[in-house]
Amino acid sequence: MHEAAYDTLGLDARYVSLEPAPEDIRSAIEGAAALGIAGLNVTIPFKEAVLDEVNPTDRAAQIGAVNTVDFSTDPPGGYNTDVDGVRRSFAHHDVPVAGTEAVIVGAGGAGRAVAYALVEAGASVAIANRTTAKAETLAAELDAPTAHSLASLEDLLADAEILVNATSVGMQSDETVVDRGALHPDLTVMDAVYHPLETRLLRDANAVGATTIDGAWMLLYQGIEAFERWTARSAPVEAMNTALRSRLEG
Ligand code: ATR
């Protein structure tokens, strides 16, 4: 999707993947800066370690994870655009978040980004997780949200307007963490899983008349946010979306 954006805007740039050894992360960042590389995306297992090598935003520091490095400053800036990806996915679909009741299932890395985004956007957030203690830890960190076990999902969803699946359930398998009977037409259901694009959860949500937002949107918009930091240009959203979806569907 990044190279589709460079092509569309006529930028002489490349997006490549690099895999340093974990113990070389500092010299990898310094080397990238020395080479004049504009920015990096950072993924597992480096999202936490990179925090110490850059100047993180308050939000990235609070979340404890950086997924985007911008070398236009010295020291380089560290951002968490996963959070922006969630916010911008809802905005793209004209789904208001402020003042809504939102339920997040999952309290791992994806759950953290979703929880921060929805709290920042002014939703009243309930976090449900298989391991309730992890939901409690995340909820305590964010102050306002409430923590629950998966058994509470049906009750929580009855009054909710937003549901986000931030677990890995549905990835590569036709399973769902939310019973279809708990879904209703007034819900917007977002799935962080993007393989497959239409998870069982989203199929069930469509069947009951809920609004759905698939996992490619979060992936797209975290990338768009990074692209805009690196290039100071507005991202060509359509071109990036088309390229991403053709890759995910292919
Ligand atoms: P990620 O960074 O993608 O969020 P993770 O940190 O491993 O990955 O978190 C995976 C999430 O999916 C967790 O919330 C996990 O629940 P636990 O905290 O109880 O492990 C959830 N998850 C994974 N498999 C699950 C399953 N079969 N049923 C319910 N939740 C599941």
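Note that this is a predicted model, so its numbers are computed, not measured. For the numbers below, each heavy atom of this structure counts, side chains included, while hydrogens, waters and symmetry mates do not. As the structure lists them, so they are numbered: ligands from 1, and atoms in each ligand from 1.
Between Arg59 and Asp82 there is no salt bridge, since no side-chain nitrogen of the basic residue lies less than 4.0 Å from a carboxylate oxygen of the acidic one. Looking at Arg88 and Glu225, a side-chain N of the basic residue comes within less than 4.0 Å of a carboxylate O on the acidic one, giving a salt bridge. In this structure, Glu53 pairs ionically with Arg26, as a charged nitrogen and a carboxylate oxygen lie closer than 4.0 Å.
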Step-by-step side-chain hydrogen bond (donor to acceptor under 3.5 Å, both in side chains) determination, Tyr15 to Asn41: CA-CA 10 Å; Tyr15 187 98; Asn41 277 141; 2.6 Å; yes
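Closest to atom 28 (N) of ligand 1 among all protein heavy atoms lies Val169 CG2, 3.6 Å. Of all protein heavy atoms, the one lying nearest to atom 8 (O) of ligand 1 is Gly109 N, 4.4 Å. When hydrogens are left out, the protein atom nearest atom 11 (C) of ligand 1 is Thr167 CA, 3.9 Å; that is the closest non-hydrogen contact. The nearest heavy-atom contact from the protein to atom 10 (C) of ligand 1 is Ser168 OG, 4.4 Å. Looking from atom 15 (C) of ligand 1 to the surrounding protein, the closest heavy atom is Asn129 OD1, 4.0 Å. Closest to atom 3 (O) of ligand 1, if we only count protein heavy atoms, is Ala110 CB, 4.3 Å. Nearest protein heavy-atom contact of atom 19 (O) of ligand 1 is Thr131 OG1, 2.5 Å.
Between atom NE2 of residue His195 and atom CG of residue Leu248 there is a gap of 8.5 Å, rounded to the nearest 0.5 Å.
No side-chain N or O of Tyr79 forms a donor-acceptor pair with one of Gln222 less than 3.5 Å apart.
Across Ile213 and Ser89, no two heavy atoms sit closer than the pair CD1-O, 4.2 Å.
For ligand 1, the atoms sitting less than 4.0 Å from at least one non-hydrogen atom of Ala107 are 14 (O), numbered in the order shown with element in parentheses. Counting atoms of ligand 1 from 1 in the listed order, those under 4.0 Å from a heavy atom of Gly108 are 4 (O), 6 (O), 9 (O), 14 (O).
Contacts with ligand 1 closer than 4.0 Å are made by heavy atoms of both the backbone and the side chain of Arg130.
Protein heavy atoms are found less than 4.0 angstrom from atom 1 (P) of ligand 1.
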